[in-house]
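Every value quoted in this text rests on a predicted model; they were computed, and no experiment measured them.
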Amino acid sequence: MDNRLDYSGKVVIVTGGGKGVGKGISERFLSCGAHVVICGRSEPETLPSAGGRSAQFLPCDVKDFEQIQAFVNQVAEEHGRIDVLVNNAGGAPYADAATASPRFSESIIRLNLLAPLNFGQCVNAVMQQQDSGGSIINIASVSAVRPSPGTAAYGAAKAGLVNLCTSLAVEWAPKVRINAIIGGLIRTEQSHLHYGDEAGIEAVGATIPLGRMAVPEDIGDACLFLGGEMSAYISGTTVTVHGGGEKPAFLDAANADG
């Protein structure tokens, strides 16, 4: 049987691929035979591993364009190709939009919107020279499509990231496909900081139609699909991975019969 999820011989970049969602994405690609290169400002204590192979780490601050360019050049020179870029690095701490400093807001926008654009631009230059082209996957969030109180700049940046895919999918076609994944609530090693203890995490999961929060591997599976041949005619769109979404608050507040 033809295995179209076989990534043997493929080179995949996962930004922020050493922990959390990024680690789950890296491990999924590794398990399917890919050579995975991850980046971050510091090397993780343990590298993502699966399928008898481990990811390669190269340092890179994704907010610095010169470091991005040097990173992409090194990967292309060492491996001769780049097949998939997963723009995963991102995030934001809680901040009141009324009092957040301009410097803070600019930093959040730079990390969650400008960094993926800059990384994509550098990788696109490599992919355009390949007969096989390539695939770029931007990891967005439900914060892009619903209110994001406490992380307003983050939500706005992720909304921009979703829109960015639609434009780049036109500009960089037909060689390069660009899509976004809108992730819902995802359980990682830092979930307790957002949801409390195990009981709190389970309670939050119970509010999701599929009965649990996502795990990083769920996002990784969506990346496997969007990065390879099975999605060859999919570009400029979003795949929402949120377990059915969040129950509307008005349903609990309403008191109408029937």
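Taking each heavy atom of G17 and P48 in turn, the nearest pair found is O-CG, 3.2 Å. G91 and N112 get closest at one heavy-atom pair: N-OD1, 2.8 Å. Taking every heavy atom of both residues into account, V162 and A140 meet most closely at CG2-CB, 3.8 Å. Closest non-hydrogen pair, L161 versus P116, comes out as CD1-CB, 3.6 Å. Considering every non-hydrogen atom in both I136 and M127, the closest pair reads CG1-SD, 4.1 Å. Listed here is the closest heavy atom pair of A55 and I38: CB-CG2, 4.1 Å.
Every residue meeting the side-chain hydrogen bond (donor to acceptor under 3.5 Å, both in side chains) condition with N138, not counting sequence neighbours, appears here in chain and number order: N87. Under the side-chain hydrogen bond (donor to acceptor under 3.5 Å, both in side chains) criterion, T166 pairs with no residue at all, not counting sequence neighbours. The side-chain hydrogen bond (donor to acceptor under 3.5 Å, both in side chains) search around S54 returns S49, not counting sequence neighbours. For E43, the side-chain hydrogen bond (donor to acceptor under 3.5 Å, both in side chains) criterion is met by no residue, not counting sequence neighbours.
Looking at I186 and P216, their side chains come closer than 4.5 Å, going by heavy atoms from C-beta outward. Looking at heavy atoms from C-beta onward, S231 lies out of side-chain contact with N179 at the 4.5 angstrom threshold. Between I82 and V37, every side-chain heavy-atom pair lies at or beyond the 4.5 Å cut-off. Residues I182 and H242 are not in side-chain contact: their nearest non-hydrogen atoms beyond the backbone lie 4.5 Å or more apart. Between Q56 and V36 there is no side-chain heavy-atom pair separated by less than 4.5 Å. Between S167 and N163, some side-chain heavy-atom pair lies under the 4.5 Å cut-off. Side-chain contact between I181 and L226: present, with at least one pair of heavy atoms (C-beta onward) separated by less than 4.5 Å. Side-chain contact between C32 and L224: present, with at least one pair of heavy atoms (C-beta onward) separated by less than 4.5 Å.
The pair E27-K19 does not count as a salt bridge, with every side-chain nitrogen at least 4.0 angstrom from each carboxylate oxygen. A salt bridge links D83 with R81: the closest approach of a Lys/Arg side-chain nitrogen to an acidic carboxylate oxygen falls below 4.0 angstrom.
Note that CG of N88 and NZ of K23 are 13.5 Å apart. Values are rounded to the nearest 0.5 Å. The distance from atom OG of S132 to atom CD of E229, rounded to the nearest 0.5 Å, is 10.0 Å. The SG atom of C60 sits 10.0 Å away from the CD atom of Q74 when rounded to the nearest 0.5 Å. For the atom pair CG (D221) and CZ (R28), the distance works out to 4.0 Å, reported to the nearest 0.5 Å. Between Q67 atom CD and L58 atom CG the span is 12.0 Å, to the nearest 0.5 Å. Taking CD1 from I68 and SG from C122, the interatomic distance works out to 6.0 Å, rounded to the nearest 0.5 Å.
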task = Evaluate the side-chain hydrogen bond (donor to acceptor under 3.5 Å, both in side chains) criterion for residues E77 and N73: first the C-alpha distance (whole Å), next the side-chain angles of each, then the deciding distance (0.1 Å), finally the verdict.
result = CA-CA 6 Å; E77 289 171 5; N73 288 344; 5.5 Å; no
inquiry  = Quick one, E198 with R187, criterion salt bridge (charged side-chain N to carboxylate O under 4.0 Å, His left out). Give me CA distance, side-chain angles, the key distance, then yes/no.
reply    = CA-CA 11 Å; E198 189 65 28; R187 179 168 184 168; 2.6 Å; yes
query = Can you list the steps and then say if I178 with V176 is a side chain to side chain contact (heavy atoms under 4.5 Å, CB included)?
reply = CA-CA 7 Å; I178 301 94; V176 178; 3.9 Å; yes
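Listed by first and then second residue, the side-chain hydrogen bond (donor to acceptor under 3.5 Å, both in side chains) pairs that reach into residues 116-130 are N124-Q128, sequence neighbours excluded. Under the ring-ring contact (aromatic ring centres under 6.0 Å, His included) criterion, the residue pairs touching residues 21-75 are Y7-F29, H35-H79, F71-F119, with sequence neighbours excluded. Among residue pairs with one or both ends in residues 206-218, those qualifying as side-chain hydrogen bond (donor to acceptor under 3.5 Å, both in side chains) are R212-D218; sequence neighbours excluded. Each salt bridge (charged side-chain N to carboxylate O under 4.0 Å, His left out) pair with one or both residues in residues 147-157, not counting sequence neighbours, would appear here, but there are none. Residues in residues 230-240 take part in no salt bridge (charged side-chain N to carboxylate O under 4.0 Å, His left out) pair, two or more places apart or across chains. Among residue pairs with one or both ends in residues 47-72, those qualifying as salt bridge (charged side-chain N to carboxylate O under 4.0 Å, His left out) are D61-K63; sequence neighbours excluded. Residue pairs meeting the salt bridge (charged side-chain N to carboxylate O under 4.0 Å, His left out) criterion with at least one member in residues 120-148, sequence neighbours excluded, are R146-E246.
A donor-acceptor pair is defined here as one N or O able to donate and one able to accept, closer than 3.5 Å; such a pair exists between the side chain of S148 and the backbone of T151. Between the side chain of S107 and the backbone N or O of R103 there is no donor-acceptor pair closer than 3.5 Å. A donor-acceptor pair under 3.5 Å links the side-chain atoms of S141 to the main chain of S143, judged by distance alone.
In terms of hydrophobic clustering, with Ile, Leu, Val, Met, Phe, Trp and Tyr side chains grouped at heavy-atom distances under 4.5 Å, M230 and I25 are assigned to a common cluster. Put simply, L111 and V123 are part of the same group of oily side chains (I, L, V, M, F, W, Y) that touch within less than 4.5 Å, one to the next. Hydrophobic clustering keeps L85 apart from I139 (ILVMFWY residues linked when any side-chain heavy atoms are closer than 4.5 Å, directly or through intermediates). Each of V84 and I13 belongs to its own hydrophobic cluster when Ile, Leu, Val, Met, Phe, Trp and Tyr are linked at side-chain heavy-atom distances under 4.5 angstrom. Side-chain heavy atoms closer than 4.5 Å link hydrophobic residues (I, L, V, M, F, W, Y) into clusters, and following such links, even through other members, never connects V11 to L47.
Counting side-chain heavy-atom gaps under 4.5 Å among Ile, Leu, Val, Met, Phe, Trp and Tyr, the cluster of F104 also holds I108, Y154.
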